[in-house]
There are 2 protein chains.
Amino acid sequence: MAEKKTTRIQRQNKHRIMQAALEVFSTSGYRGATIDQIAKTAKISKSSIFYYFPSKTEIYISLLTETLEEWLEPLRVLDHDGDPADEIMKYVDRKLQMSRDNPKASRLFANEIMHGAPNISDILHGSLKQLVDEKCVIIQQWIDEGKLVSVSPYHLIFMIWAATQHYADFEVQVDAIVDECMGRDQCFDEARETLRTVFLNGLLPR
Amino acid sequence: MAEKKTTRIQRQNKHRIMQAALEVFSTSGYRGATIDQIAKTAKISKSSIFYYFPSKTEIYISLLTETLEEWLEPLRVLDHDGDPADEIMKYVDRKLQMSRDNPKASRLFANEIMHGAPNISDILHGSLKQLVDEKCVIIQQWIDEGKLVSVSPYHLIFMIWAATQHYADFEVQVDAIVDECMGRDQCFDEARETLRTVFLNGLLPR
DNA sequence: TTCATTTTTGACCGTTTGGTCCAGTTTTTA
DNA sequence: TAAAAACTGGACCAAACGGTCAAAAATGAA
């Protein structure tokens, strides 16, 4: 049985390192990030980082797996018994909110996937695919029941992912293009309204 | 006046290096790419690369600027005098086609933007913003003329970008999730149909 | 206080990387 | 065909990087 002794200092420092690592990995990617950067961001020495983690890779993988569950959760709650319009907009809203509140986590995954997902390939083909498959069945049922127009459930999910995560992953591009006098909140409100209009009009039969 | 002497060998080799650089930069990002990788991919020695280009950064920036025009072109042809439904679907189709035919270019930009766009920040705020502003006026006119439902033109464009580029940038995720017995062409056909349904239903008033 | 344990850090190491140099080879030109 | 120009590649360099280590500093139990 593994020892369970984790002191307060250990938890504090591990947490500080993970925070700093998220900051650095999400903006520079795995290869672009350096331990020195993480150390400086965490205000700790490089050696101390290796006292708490065995390697750079280990920090990175810890980050990915730790963030993943939270990342998938919104899709998990998609419920067949709810109203399709409500359920879909709830999903869009939650994903959009995550892009606003934790864009770094989004960019962390985006980086990993764009580089070929070498560390989470099994998850993509495993639990992620399984979850998406499940939810696609639900969407297909809605379609069969005449509650939604006929689209490919898979590509609908991709479309929701893309449209919402865009605001996290391509934040600097969005910021460059929308009027600089527009506040962050207002930008997300407009995004929400646009997504609501397009998805609900686009998917609900009349 | 600058010299214009470019031999056949120069053009050939520069082109081969650029091809290899696109391959490597798009999969590894700027920082993750190494000159050795590019050299090996181009089947040329590292020194030869530095004979044709002064630095790694210069190769990268050349690639970005060279690919950029082609990248923006589909938006340029969006025409106010055309039918809104046709124009928007033409735009979606072309962007989707580019994601299929040249995903590496898409990932090159995605990487650059996700890392804060240090090399194309001026373009983002300059010609890109200007182009988007122009086209948003057209979309707003369509809305004012009652030809489209009321949405934010900016966020509509973001949505089209996101939904189409997703298939290039997150290719491995898409491949992991869609049925492996589905061919690439079929996948893009289904994507096209789904985007068509959602955007046209979502945007056209009735 | 004493002493063992945990934590921190600066110095150091081997490898990788962007980039240089130059001697040699090929291609162009006259 | 021979000189000049363009081109190639192996040896090399300095900086940056991931990671190690031992000694010092902080912490905690008696």
Side-chain angles (χ1 to χ4, degrees), chain A residues 2-64 108 111-112 115 118-119, chain B residues 1-64 108 111-112 115-116 118-119:
Chain A
E3 306 277 324
K4 263 211 158 183
K5 267 208 185 173
T6 58
T7 69
R8 179 180 37 89
I9 294 180
Q10 274 171 352
R11 277 192 303 275
Q12 271 183 4
N13 283 349
K14 273 208 168 194
H15 185 251
R16 264 177 57 192
I17 293 171
M18 292 286 262
Q19 287 288 110
L22 175 59
E23 171 82 31
V24 176
F25 280 128
S26 68
T27 53
S28 302
Y30 174 75
R31 193 56 164 40
T34 69
I35 302 282
D36 282 311
Q37 266 180 291
I38 297 174
K40 221 173 97 181
T41 305
K43 288 185 181 106
I44 217 172
S45 79
K46 190 170 71 164
S47 310
S48 286
I49 287 182
F50 284 108
Y51 177 73
Y52 290 103
F53 291 90
S55 68
K56 179 186 178 183
T57 308
E58 202 62 37
I59 305 175
Y60 182 66
I61 292 181
S62 294
L63 252 190
L64 280 177
L108 184 77
N111 257 309
E112 169 70 9
H115 289 32
N119 296 292
Chain B
M1 198 55 85
E3 306 276 325
K4 265 212 157 182
K5 267 207 185 173
T6 57
T7 69
R8 180 180 38 88
I9 293 180
Q10 273 171 354
R11 279 192 302 275
Q12 271 182 6
N13 283 349
K14 274 208 168 192
H15 184 251
R16 265 179 55 193
I17 293 170
M18 293 285 261
Q19 287 289 108
L22 175 59
E23 171 81 31
V24 176
F25 280 128
S26 67
T27 53
S28 303
Y30 174 75
R31 193 57 165 37
T34 70
I35 303 281
D36 282 312
Q37 266 180 292
I38 297 174
K40 219 172 98 180
T41 306
K43 287 186 181 104
I44 218 172
S45 81
K46 190 170 72 163
S47 312
S48 287
I49 286 182
F50 284 108
Y51 176 73
Y52 292 104
F53 292 90
S55 69
K56 180 185 178 183
T57 308
E58 202 62 36
I59 306 175
Y60 182 67
I61 292 181
S62 296
L63 253 190
L64 280 177
L108 184 77
N111 257 308
E112 169 71 9
H115 290 30
N119 297 292

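Values in this document were obtained by computation on a predicted structure and should not be read as measured data. The basis for the numbers below is simple: all heavy atoms, side chains too, and nothing from hydrogens, waters or symmetry mates. Below, chains carry the letters A, B, ... as their sequence lines are ordered, and counting in each starts from 1.
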Sequence neighbours left out, what passes side-chain hydrogen bond (donor to acceptor under 3.5 Å, both in side chains) with [X]? Give chain and number order.
{"X": "A:T57", "result": "A:Y30"}
{"X": "B:S55", "result": "none"}
{"X": "A:Y51", "result": "none"}

Rounded to whole angstrom units, what separation is found between the [atom1] atom of [X] and the [atom2] atom of [N]?
{"X": "A:Y60", "N": "D:dG18", "atom1": "OH", "atom2": "P", "value": "14 Å"}
{"X": "B:I44", "N": "D:dT8", "atom1": "CD1", "atom2": "P", "value": "6 Å"}
{"X": "A:N13", "N": "C:dT9", "atom1": "CG", "atom2": "C1'", "value": "13 Å"}
{"X": "B:R16", "N": "D:dT8", "atom1": "CZ", "atom2": "C1'", "value": "12 Å"}
{"X": "A:Q10", "N": "D:dG28", "atom1": "CD", "atom2": "P", "value": "12 Å"}
{"X": "B:R11", "N": "D:dC7", "atom1": "CZ", "atom2": "P", "value": "11 Å"}
{"X": "A:Y52", "N": "D:dG19", "atom1": "OH", "atom2": "P", "value": "18 Å"}
{"X": "A:Q12", "N": "D:dA26", "atom1": "CD", "atom2": "P", "value": "17 Å"}

From [X] atom [atom1] to [Y] atom [atom2], the distance as rounded to the nearest 0.5 Å:
{"X": "B:I49", "Y": "B:E58", "atom1": "CD1", "atom2": "CD", "value": "14.0 Å"}
{"X": "A:I17", "Y": "A:Y52", "atom1": "CD1", "atom2": "OH", "value": "7.0 Å"}
{"X": "A:I59", "Y": "A:M18", "atom1": "CD1", "atom2": "CE", "value": "8.5 Å"}

**Item:** OP1 or OP2 of D:dT8 under 4.0 Å from side-chain N/O of B:Y51
**Value:** no
**Prompt:** Quick one: which of C:dT9, D:dA6, D:dG9 gets closest to the side chain of B:S48?
**Reply:**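 The closest nucleotide is D:dG9.
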**Item:** Min side-chain heavy-atom separation A:E112-A:F25 under 4.5 Å
**Value:**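 No, too far: nothing below the 4.5 Å cut-off.
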**Asked** Under 4.5 Å between any side-chain heavy atoms of B:H115 and A:N111, yes or no?
**Response** yes
Set out, line by line, the N/O atom pairs under 3.5 Å between protein and nucleotides 21-28 of chain C.
residue, atom, partner, partner atom, Å
C:dT28, OP1, B:R8, NH2, 3.0

Under 3.5 Å, N/O pairs linking protein and nucleotides 14-17 of chain D:
residue, atom, partner, partner atom, Å
D:dC17, OP1, B:R31, NH2, 2.8

**Asked** More 5' along DNA chain C: B:P54 or A:I49, using each one's nearest nucleotide?
**Response**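 Upstream on the strand: A:I49.
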**Residue-level proximity of residues 17-30 of chain B to DNA chain C when a heavy atom falls under 4.0 Å** = none
**Asked** Quick one: side-chain hydrogen bond (donor to acceptor under 3.5 Å, both in side chains) pairs with a partner in residues 15-27 of chain B, sequence neighbours left out?
**Response** B:E23-B:K104
**Item:** Minimum heavy-atom distance A:K56-A:R31, with the two atoms named
**Value:** NZ-O, 3.9 Å
Could you list the donor-acceptor pairs under 3.5 angstrom formed between side-chain atoms of residues 38-47 of chain A and any protein atom two or more places apart in sequence or on another chain?
residue, atom, partner, partner atom, Å
A:T41, OG1, A:Q37, O, 2.8
A:S45, OG, A:S48, N, 3.2
A:S45, OG, A:S48, OG, 3.2

